[in-house]
Structure formats: structure tokens, C-alpha cells
Amino acid sequence: MNINVVIVGHVDHGKSTLIGRLLYDSESIKEGRVEEIQKLAEEYKRRFEFAYFIDSFDDELKEERTIDTTGVMFKSKKNLYSITDVPGHKEFIKNMLTGASHADVAVLVVAADEGVQEQTGRHAFLIHMLGIKQIFVVVNKMDVVGYREDKFLDTRNRVSQLLASLDYHDVQFIPGSAMEGDNIYKPSERMEWYKGPTLIQTLDRVQITNRARPLRFVVQDAYSVNSERVVVGRVESGTLRAGDEVLFQPSNAKAKVQKIEAFQCELPEASTGDSVGIVVDKEVKRGDVCGLMKASPIPVTEFLGEAVLLEQSIRKGDKVELRCATRRVQCEIKEIRERINSETGEIMEKHPFSITENDAAIILFATEPLVVEKFSEIPELGRFVLVRNRNIGAGIVLETTN
Ligand code: GDP
């Protein structure tokens, strides 16, 4: 089984060391090539502490792609693991925009000597926003606190409270030392009080269930050919079948899918990622999104999003263009709930009047009726770009309200 793991945690709590340890102990590195691990760890660290903002957004997207292809991988006896990271808020948002790989599970690293720090909470929140349901905690640097159980329990209590507030319950906590190799890949003999699994045993037990996602077909274009209404678009989630009864929103047009076509062939169905033409019996508009009648998209006029501003400033009451999938609408910045430091995730101000370049923020947007989805549920319809002459920011949908 292939499992994508995202490793998060406060800076210097031991993420790179943990990855080095996993690679080394799983013998993913050939003998005599320890320097390779160091290089990978260095590389990982560089990525983690990357100077996030270079001049052009496009360049960054390119950069992001090259980074994606250099993912770190290792094999246990059971699984093949790919490791990614959520380096900072801006990186995170960009990952969302490029649709970078989705993580199945998250490992939160918390150093036993420092406990919960700023990014511990922030990263846990990001993981929750990403919709990652499984999280494990490594209480690292146990060697620094003399492998003491009370120190482990202190940290576990604090982190448990934090995770419970994000709806993560019964989380597996592993006391370990990435540096010394305790309980990461090999069981430790220095913490007899701990009877639980190592990190790799925990990961090897992961079950991945593919959630069935509802159909969302996004209309790119609609026209008539020989009195047939042809709609061209992309299946962003779920499966579309000939004969399906669907509802297009925000047009509120109920229609029957008479035919599905691609490259002049008729198809019985189209699934996630397919671009197809469909013939329907109703008029629909570019930017509409359809779903099956029983789980159709609901247009909203307000939603809560988290955005990062790449340039310029925005103030409460401003109007900016919002692009989501193929829709472009004018939206109003109705409320700015929090201004967030996009490097550290720290909340800088509650209810500020404005935010500026490089800030992240939780914003309540008001729009004309628009189909968006929570990013954690349907990411393709849960990310957006803000435009005022050019791209000034990007974000994800946290909550849809009406
Ligand atoms: P990152 O910023 O989270 O990737 O942290 P690093 O892996 O770079 O580790 C930060 C520092 O902590 C480095 O000096 C590591 O050698 C050290 N470190 C990492 N894990 C451990 C550990 O288990 N025990 C001890 N004593 N030091 C560790």
C-alpha cells in the first residue's frame, strides 16, 4: 500500500531528524551513504525554512512543482511511504492551489522539552483544515528529559487538549527520540513504562478508506449544435453517468444527462478528472456546477475562507474579483475576522480593518450566488484566487453558510 504522510510541528522540534531516522532505520539508504541522509535532511530543512516569497507567483508555482517531484520515500516491510510537509502558511496555500498531493495521515512532532509551541497549534489546525482524519503524535527528544514518563504525560495532556478542540480524539502518542532512534523504527529499551507501538508500527496499521465523494461537474462552456444543448466541462469529483438526473447551480436548472461524449465517442460514464461534453435537455451557464439531485451543490451568498495576500492591501468593505473553478464573481470583503502571520501562523489581530501583503486572514466573503465547497470535502471547489488587476491572493473555503 502507498501511504502519503505529512510531517508537521514547531520549528526545531525534530521533523528533519525524524525523516532521516526513518530513512536510515528502514535501510532505504544504501550502506555507506549516511551523508545521503544528511543531504536529504538538509534538503528537507531547506524546504521547510524556504524563503517563501520570491517575486512572481508563477515562478513559485513552478518551484512548487519541482519540489513535488523530489518527495522523500521509504519502505517498511508493509508499505511504501511518501513524505511531504506543510512548511508554512503561504506554502500551504500554494500547495492547495496547485492541487499538490493529498496526505492520508499526519505526524505531529512535539519536543518533550518545549511542549506545545506556536506552530504546534497552527499546524494541527492546518491538518484539520486539510481534512486529514488520522493524526499521530511523536513526543520527540525524550532523551533530553531523561526518558521520564511524567514529562511525556505532561506533553501528551497539553497536546490532547489541543487536538480534542479540533475534533481529534483517542490519538496515538509515541514517546521517542529521533536522534537516538527510540520508538521511531525500533522499539526503545529506555522507556520500559511505555507499552505502545513505535511510529512505524503505528503507520503500518493505517487503513485508508476512500470516501465516496458526491458528483460535481463544472461547466466550462455551453452551446447548441443542431438543436442539441452541449455542455463542456470537467468532473471535479464523483462519477457522472448517462441518464443521470442532475441539478445545475446557481442556475437552478434540473436536467437529464442524455449523452456523455469525449473525442467524438459516446461514453457511459465519466469520472473524477475527466473533461467531457454532455448533452442535456435544459439551458445552463458557464460557471454552473451540477450534482446528482439527491446530493446537489448548494449556492451560497456568504462563505468563510482563509486567504493569503500576495500583494496589495484589502480593507473591510472592499470589492475584489473571486475566481473559483470556472466562475468569476465580484465579492465583498464583509468581515476580516483574524489577521494571521503567514510565516508562523500566529494570530496578530482580531477583527482588523485591513490586511496587507503577506498577511493571512480569516475572511467572511459576500458574493452573488456561487457554488463553493469546503476545501476539506471537495478541494477542487474549495480553493479560490483573489484578483484586482492581477492575482493578489489565494485561499481555501473553511465554511459555507447561507
Ligand atoms: P525541524 O526544524 O523540526 O526539522 O528540526 P530538526 O530535525 O532540524 O532538529 C532540530 C534540532 O534538534 C537539531 O539540532 C537536531 O539534531 C535536534 N534533535 C532532533 N531530534 C532530536 C532528539 O530526538 N533528541 C535530541 N537530543 N535532539 C534532537
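When a ligand or atom number is given, it counts from 1 through the structure's own listing order.
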task: Say whether M179, considering both its backbone and side-chain N or O atoms, lies within less than 3.5 Å of an N or O atom on ligand 1.
output: yes
- line: Per-atom filter on ligand 1: closer than 4.0 angstrom to a heavy atom of S177 are 22 (C), 23 (O), 24 (N)
- request: May I ask whether G9 places a heavy atom under 4.0 Å from ligand 1?
  value: no
query: Charged N to carboxylate O below 4.0 Å: is that the case for D359 and R339?
result: yes
task: Of all the heavy-atom pairs spanning N183 and S188, show the shortest one and how long it is.
output: OD1-N, 2.9 Å
message: Just to be sure I'm reading this right: ignoring hydrogens, which of Q119, K15, R21 gets closest to atom 3 (O) of ligand 1? Compare them by their nearest heavy atoms.
response: K15
- prompt: Can we say K334 and E332 salt-bridge, meaning some charged N sits less than 4.0 Å from an Asp/Glu carboxylate O?
  reply: no
- prompt: So is there a nitrogen or oxygen of G14 less than 3.5 Å from a nitrogen or oxygen in ligand 1?
  reply: yes
Contact summary for R213 and I378, nearest pair of heavy atoms: NH1-CA, 3.7 Å
query: In terms of ring plane angle, is the pair W193 and F152 parallel, tilted or perpendicular, where the classes change at 30° and 60°?
result: tilted
E380 with R216: basic N within carboxylate O range, under 4.0 Å: no
message: Can you confirm, on distance only, whether ligand 1 has an N/O atom lying under 3.5 Å from any N/O atom belonging to E180?
response: no
- prompt: Is the closest N or O pair between G176 and ligand 1 shorter than 3.5 Å?
  reply: no
- request: Identify, by atom number and element, the atoms of ligand 1 in contact range of N140, meaning under 4.0 Å from any of its heavy atoms.
  value: 20 (N), 21 (C), 23 (O)
task: Tell me which part of D12 gets within contact of ligand 1: side chain, backbone, both or neither, using heavy atoms under 4.0 Å.
output: both
field: Contact partition for H13 relative to ligand 1, non-hydrogen atoms under 4.0 Å
entry: backbone
field: Cationic N near anionic O, under 4.0 Å, E368 to R327
entry: yes
